[in-house]
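In what follows, a single structure is set out as structure tokens and then discussed.
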Amino acid sequence: MTTRLEPGSPAPDFTLVDQDDRSVSLGSLRGRGVVLFFYPEAMTPGCTTEACDFRDSLAPLQAAGYAVLGISRDAPEKLRRFRERDSLTFDLLSDPDHAVHEAYGAWGEKLNYGKKITGVLRSTFIIGADGRIEHALYNVKATGHVARVRKLVGLDAA
């Protein structure tokens with residue numbers, strides 16, 4: 001059973017490498033909000049749609065005080081190609097052993113075309129400037145959930 005994070009709980013800290021092999025830690029972003037999204041695989045249709053939606057909403061999210069980070073199990077070189085191919089303007093982090101996925105409850109059993117498998121549970125977390133979870137969105141759809149994130153952070157009317 002996957003443990004799920006609840007609003008008000010501390011966001012698990014981590015340090016991962018980004019698409020340029022630079023270390024990025026959640027703790028270094030304390031003092032500003034973070035939108036952290038977990039996606040199954042770079043350069044697949046759904047993940048591309050999701051990442052591009054975040055890219056297109058990045059300026060208003062940043063203006064509202066939020067950094068955006070994407071996390072997958074992909075190697076940094078694949079993340080670099082994904083970022084370049086789709087002109088993504090935020091960091092993509094590599095979690096090959098899915099330890100951070102597990103810490104956030106974004107790894108577990110799911111149905112894939114009717115078959116039970118273990119893998120990435122597409123999830124998004126809105127983390128406050130104080131390092132606490134404000135919203136934990138599990139099993140989100142690749143399409144449309146960025147609009148929900150925008151509403152939750154007060155960018156669009158509910």
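Note that this is a predicted model, so its numbers are computed, not measured. Heads up: numbering here begins at 1 and tracks the sequence.
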Quiz item: Would a 4.5 Å heavy-atom cut-off, applied to side chains only, mark Pro40 and Cys47 as touching?
Solution: yes
Quiz item: Does Arg4 count as lying over the ring of Tyr138, i.e. NZ or CZ under 6.0 Å from the six-ring centre, within 45 degrees of the axis?
Solution: yes
Self-check item: Heavy-atom check, side chain of Ile126 versus side chain of Val34, under 4.5 Å
Solution: no
Quiz item: Between Lys110 (side chain) and Val120 (backbone), is there a donor-acceptor pair under 3.5 Å?
Solution: yes
Exercise. Determine, using ring centers only, whether Phe90 and Tyr66 are less than 6.0 Å apart.
Key: no
Quiz item: How about His145 and Thr124: do any of their side-chain heavy atoms sit closer than 4.5 Å?
Solution: yes
Practice problem: Give, for atom OG of Ser123 and atom CG of Asn139, the distance between the pair rounded to the nearest 0.5 Å. | Solution: 6.0 Å
Quiz item: Is there a side-chain contact (heavy atoms from CB on, under 4.5 Å) between Ile127 and Val35 once you walk through the steps?
Solution: CA-CA 6 Å; Ile127 303 167; Val35 175; over 6 Å; no
Exercise. Please lay out, stage by stage, how Leu121 and Trp107 fare under the test side-chain contact (heavy atoms from CB on, under 4.5 Å).
Key: CA-CA 5 Å; Leu121 305 174; Trp107 181 264; 5.9 Å; no
Quiz item: Can you hop from Tyr39 to Val17 via hydrophobic side chains spaced under 4.5 Å?
Solution: no
Exercise. Indicate yes or no for a side-chain donor-acceptor contact from Thr118 to the backbone of Gly108 under 3.5 Å, with no hydrogens or angles considered.
Key: no
Quiz item: Any side-chain heavy atom of Leu16 within less than 4.5 Å of one from Val100?
Solution: yes
Quiz item: Ignoring hydrogens and geometry, is there a side-chain-to-backbone donor-acceptor pair from Arg55 to Asp86 under 3.5 Å?
Solution: yes
Quiz item: Considering only heavy atoms from C-beta outward, does the side chain of Thr48 approach that of Arg85 to under 4.5 Å?
Solution: yes
Quiz item: CG of Leu79 to CE of Met43: how many Å apart, nearest 0.5 Å?
Solution: 8.5 Å
Practice problem: Could you list the residues that satisfy ring-ring contact (aromatic ring centres under 6.0 Å, His included) with Phe14, not counting sequence neighbours? | Solution: none
Self-check item: Atom pair CG/CZ of Leu69 and Phe37 - distance to nearest 0.5 Å
Solution: 8.5 Å
Quiz item: Is the side chain of Ser28 donor-acceptor paired with the backbone N or O of Leu26 at a distance under 3.5 Å, no angle test?
Solution: no
Quiz item: Rounded to the nearest 0.5 Å, how far does CG of Asp130 lie from CZ of Arg132?
Solution: 6.5 Å
Exercise. Return yes if some donor-acceptor pair links the side-chain N/O of Asp95 with the main-chain N/O of Ile71 below 3.5 Å, else return no.
Key: no
Practice problem: Kindly indicate, with the supporting measurements, whether the criterion side-chain contact (heavy atoms from CB on, under 4.5 Å) is fulfilled by Leu111 and Lys116. | Solution: CA-CA 5 Å; Leu111 285 178; Lys116 228 183 239 190; 4.2 Å; yes
Quiz item: According to the salt bridge (charged side-chain N to carboxylate O under 4.0 Å, His left out) rule, which pairs have a member within residues 27-51, sequence neighbours left out?
Solution: Glu41-Lys78, Glu50-Arg122
Quiz item: When you measure from the side chain of Asp18 to the backbone N and O of Leu93, does any donor-acceptor pair fall under 3.5 Å?
Solution: no
Quiz prompt | Steps toward side-chain hydrogen bond (donor to acceptor under 3.5 Å, both in side chains) verdict (Arg150, Ser57) | solution = CA-CA 8 Å; Arg150 289 174 58 100; Ser57 288; 3.2 Å; yes
Quiz item: What is the minimum heavy-atom distance between Ala103 and Leu5, and which atoms define it?
Solution: O-CD2, 4.0 Å
Quiz item: How would you list, by chain and number, every residue that makes a ring-ring contact (aromatic ring centres under 6.0 Å, His included) with Phe38, sequence neighbours excluded?
Solution: His101, Tyr104, Phe125
Self-check item: Note: Arg73-Asp97 ion pair, threshold 4.0 Å (strictly below)
Solution: no
Exercise. Find the distance between CG (Asp156) and CZ (Arg148) and round it off to the nearest 0.5 Å.
Key: 14.0 Å
Quiz item: Do the side chain of Asp74 and the main chain of Ala42 share a donor and acceptor less than 3.5 angstrom apart?
Solution: yes
Quiz item: Would you say Thr49's side chain and Pro45's backbone share a donor-acceptor pair under 3.5 angstrom?
Solution: yes
Quiz item: Do Leu155 and Leu61 touch side chain to side chain, with heavy atoms closer than 4.5 Å?
Solution: yes
